[in-house]
Amino acid sequence: MTTSWEYRYAQRTKGMRSSAIRDLLKVASQPGVISLAGGMPAPELFPLKEVEEACIRVLRDRGSDALQYSTTEGYPPLRELIVEKMSRYGILATLDNVLITSGSQQALDLVGKVLLDPGDVIIVEAPTYVGAIQAFTAYQASYASVPLDDEGMVVDLLEQRIIETHPKFTYVLPNFHNPAGVTLSRERRERLVSLSRQYGVPLVEDDPYGELRFEGEHIAPIVVIDANRNGEQREGYFKGDVVYMSTLSKTLSPGLRLGWIVAPVEVVDKLVQAKQGADLHTNTFSQMVAYEVIRDGFLEKHVREIRDVYRQRRDAMLATMEECFPEEVSWTRPQGGLFLWVKLPEAVDSQELLEKALQEKVAFVPGTAFYADGRGRDAMRLTFATCSIEKIDQGIRRLGKAITHRLKQPA
Ligand SMILES: Cc1ncc(COP(=O)(O)O)c(C=O)c1O
């Protein structure tokens, strides 16, 4: 007797959905479509030559290590580089605080695996990163949201949410938010930390874009504000209520699948156990190649170059939007990262607009993809990272045309 697989799936699969963005990317990659949809770094900026040379060196000098199993925590020289890199942002971790992950997406999954029981509530920003919702939903989490404005999470509304929902943790994207493009102000970071302390709610700080600042002053990571709260932090001491994560995906290459977590040692130990069950360790070859590429300061130079390119593309996108979007439309002006967020008049449903936009051969991600509760119909995310300035200009003109057309239709 055969039974449908549907009846065999575990309870935890019930909330699982394919990411609307991944589905959309299939349509957006059709010939002639200008895609402002995906969150992908510009492929022409990948350091192909440096990676090729590093692959050769790794295979020639340490080939059998590179093709062997390795430790779950990650390749020690790469972890040391991460420690050094983090210290430049004021995060004074030791090697034991750092776990290399297969992208920060795995970091999210592991955090869910070690912290979440079915039914636990997570406080998220609305909108938030869709991949985090995917990761946490697999552990049967539910969500309470706090809205965003131009200064990031509206932290004034957080306390009430904490009191109402007793959350397991708060998930926050402080820099150049995906999808909203906004950055959490220093004052709000401080308030966030003090509320978290007051109510004993840990913070998960997801920071893939922090290094991609085009302008304005660097703002201390939440993990640093937390560690410094009583002047406690000193070298080799990292013990707080924040789990910080970042990645090489946006600065070097997403295909290498390399991210990291910085957390108190006891949390890292638990995450290591969870990671052993998931994949034993992150790809050894990839870690060694990345280390070879970035060990002598290459990444800092490379990041300066890609920042310049992304800044110019952001400027081009903003300029054309200013010129040809109807005045009822508003948008964020990110100081870095890859994305901006467009607010449409209520009469325009971004899902319907997408159909018209695809006829005009331009794609974006409708706002609903970034809410845990179906909101966001009147918004969309655009990326300025992937296309050339000419294509951005063309794409925004097509989109402007689609919005204007939609606005002219009777409601
Ligand atoms: C906010 C955020 N977190 C995590 C990720 C996952 O990145 P990766 O797994 O490539 O490091 C992304 C990718 O777009 C992201 O935008």
Side-chain angles (χ1 to χ4, degrees), residues 19-22 24-25 35-43 45-46 74 78 82 85 98-113 122 124-138 148 152-153 169-184 203-213 221-223 243-262 271 275 278-279 282-283 286-287 290 294 299 303 306 310 332 334 336-341 365 367 369-372 381-386:
S19 154
I21 301 179
R22 302 225 144 245
L24 175 63
L25 287 181
S35 178
L36 307 175
M40 295 198 248
L45 300 177
F46 293 148
L78 181 62
I82 300 292
K85 185 178 171 61
V98 176
L99 169 64
I100 303 290
T101 55
S102 303
S104 48
Q105 189 62 37
Q106 186 185 45
L108 292 167
D109 183 65
L110 295 178
V111 164
K113 203 172 182 182
I122 305 170
V124 296
E125 296 148 313
T128 190
Y129 170 54
V130 60
I133 300 285
Q134 276 191 304
F136 301 145
T137 298
L148 290 173
M153 181 191 272
F169 60 82
T170 301
Y171 169 69
V172 61
L173 275 147
N175 294 313
F176 324 123
H177 191 280
N178 176 11
V182 295
T183 293
L184 192 66
L203 289 157
V204 175
E205 178 176 22
D206 187 3
D207 186 24
Y209 305 104
E211 286 182 87
L212 297 179
R213 177 177 277 285
I222 296 166
V223 66
V243 172
Y244 174 93
M245 59 182 72
S246 189
T247 177
L248 290 177
S249 287
K250 316 296 173 178
T251 50
L252 186 67
S253 143
L256 290 172
R257 305 306 302 132
L258 292 171
W260 64 92
I261 294 178
V262 184
L271 291 164
K275 186 169 163 65
D279 63 355
T282 295
N283 184 322
S286 213
Q287 294 186 69
I294 68 183
L299 196 60
V303 166
I306 61 179
Y310 290 158
T332 55
L338 311 184
F339 306 106
L340 58 80
W341 184 247
V365 186
F370 306 98
Y371 286 82
R381 186 193 76 179
L382 301 179
T383 180
F384 42 82
T386 328

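Every number for a ligand or one of its atoms is a count from 1 in the order of the listing.
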Show the distances, to 0.1 Å, for all pairs joining an N/O atom of ligand 1 and a protein N/O atom that are shorter than 3.5 Å, listing one pair per line.
from, atom 1, to, atom 2, distance (Å)
ligand 1, 3 (N), Asp206, OD1, 3.4
ligand 1, 3 (N), Asp206, OD2, 2.6
ligand 1, 7 (O), Ser104, OG, 3.3
ligand 1, 9 (O), Ser104, N, 3.1
ligand 1, 9 (O), Gln105, N, 2.9
ligand 1, 9 (O), Arg257, NH2, 2.8
ligand 1, 10 (O), Ser249, OG, 2.6
ligand 1, 10 (O), Arg257, NH1, 2.8
ligand 1, 11 (O), Ser104, N, 2.7
ligand 1, 11 (O), Ser104, OG, 2.9
ligand 1, 11 (O), Thr247, OG1, 2.6
ligand 1, 11 (O), Ser249, OG, 3.2
ligand 1, 14 (O), Tyr209, OH, 3.4
ligand 1, 14 (O), Lys250, NZ, 2.8
ligand 1, 16 (O), Asn178, ND2, 2.8
ligand 1, 16 (O), Tyr209, OH, 2.5

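Of the possible polar contacts, none joining the Glu205 side chain to the Leu173 backbone as a donor-acceptor pair under 3.5 Å is found.
When ring centroids are compared, Tyr209 and Phe339 come within the 6.0 Å threshold.
Side chain to side chain, Gln134 and Tyr129 fail the donor-acceptor criterion of an N or O pair below 3.5 Å.
Relative ring orientation between Trp341 and Tyr371 is described as tilted, the plane-to-plane angle lying within the 30° to 60° band.
Under the salt bridge (charged side-chain N to carboxylate O under 4.0 Å, His left out) criterion, Glu211 pairs with Lys85, not counting sequence neighbours.
In summary, Asp109 and Lys113 do not engage in a salt bridge, as defined by a charged side-chain N under 4.0 Å from a carboxylate O.
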